[in-house]
Amino acid sequence: MLAVKISLNSIDKVKSFVNDISGFNAEFDLVSGRYVIDAKSIMGIFSLDISKPIDLNIHTETETEDIMAAIKPYLAE
C-alpha cells in the first residue's frame, strides 16, 4: 500500500483527479479523520473537507510508477 497526501481544493481538480485514477485497476481510499471514502467517487469526495490536504491510500502491487505519475499534479507539498 502507498500512502500520500493530496490536495483537491477545487471542483475542477476533483473531476480531473477522479478521471485520472479511474483507469487504474487499483483501490484508492481517501482518509479524512474517521472517514474513509472511495477516491473514485466524486460524490464521496465532496462529502469531505477538500479545503485542506487529504490522505490517499493506494492498494496495489503493480502500476505504482504509472499511478504516481498520474497523481503527481495533486500531491500536497
Side-chain angles (χ1 to χ4, degrees):
M1 179 185 88
L2 297 171
V4 294
K5 278 205 176 295
I6 61 169
S7 177
L8 300 173
N9 53 5
S10 73
I11 294 171
D12 291 333
K13 269 184 131 175
V14 170
K15 290 195 296 190
S16 62
F17 173 75
V18 171
N19 285 337
D20 289 346
I21 66 168
S22 290
F24 292 105
N25 189 21
E27 296 291 322
F28 295 86
D29 294 328
L30 288 173
V31 181
S32 179
R34 298 182 337 202
Y35 300 102
V36 178
I37 303 294
D38 179 2
K40 294 181 181 180
S41 167
I42 291 176
M43 293 304 290
I45 294 172
F46 285 127
S47 71
L48 300 175
D49 179 7
I50 61 172
S51 66
K52 51 190 171 191
I54 304 168
D55 294 321
L56 173 67
N57 294 335
I58 307 163
H59 305 277
T60 185
E61 299 297 322
T62 60
E63 301 182 305
T64 54
E65 288 181 17
D66 294 336
I67 290 171
M68 291 306 290
I71 65 170
K72 185 174 181 169
Y74 312 103
L75 294 176
E77 312 258 331

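Summarising the geometry of Asp29 relative to Asp38, their closest heavy-atom pair is OD1-CA, 4.5 Å, with the distance given to 0.1 Å. Nearest heavy-atom pair, Pro73 versus Ala70, reported as atom, atom and distance to 0.1 Å: CD-O, 3.5 Å. The nearest pair of heavy atoms linking Ala39 to Val18 is O-CG2, 3.6 Å. Closest approach of Asn57 and Ala3 over heavy atoms only: OD1-CB, 3.5 Å. Nearest heavy atom pair, residue Thr60 against residue Ala26, reads CB-CB, 3.7 Å.
The environment of CG in Leu2 is crowded: more than 12 heavy-atom neighbours from other residues, nucleotides or ligands sit within 6.0 Å.
Taking the side chain as every heavy atom from C-beta outward, Lys13 and Ile50 never approach each other to under 4.5 Å. Using a 4.5 Å heavy-atom cutoff, the side chains of Ile58 and Thr64 are not in contact.
Lys52 meets the salt bridge (charged side-chain N to carboxylate O under 4.0 Å, His left out) test with Asp49; sequence neighbours excluded. Every residue two or more places apart in sequence or in another chain that forms a ring-ring contact (aromatic ring centres under 6.0 Å, His included) with Tyr74 is listed here: Phe17. Judged as a side-chain hydrogen bond (donor to acceptor under 3.5 Å, both in side chains), and not counting sequence neighbours, Asn25 has no contacts.
Considering Leu56, Leu48, Val14 as possible partners of Leu8, the one that fulfils the side chain to side chain contact (heavy atoms under 4.5 Å, CB included) test is Val14.
Every pair tested for ring pair (Phe, Tyr, Trp, His ring centres under 6.0 Å) that includes a residue from residues 38-68 fails, sequence neighbours excluded, so the list is empty.
Asn9 CG to Ser7 OG: the interatomic distance, rounded to the nearest 0.5 Å, is 4.0 Å.
Applying the 4.5 Å side-chain rule to ILVMFWY residues, one finds that Met1 remains a lone member of its cluster. The hydrophobic cluster containing Val31 also includes Val36, under a criterion of side-chain heavy atoms closer than 4.5 Å among ILVMFWY residues, counted directly or through chains of members.
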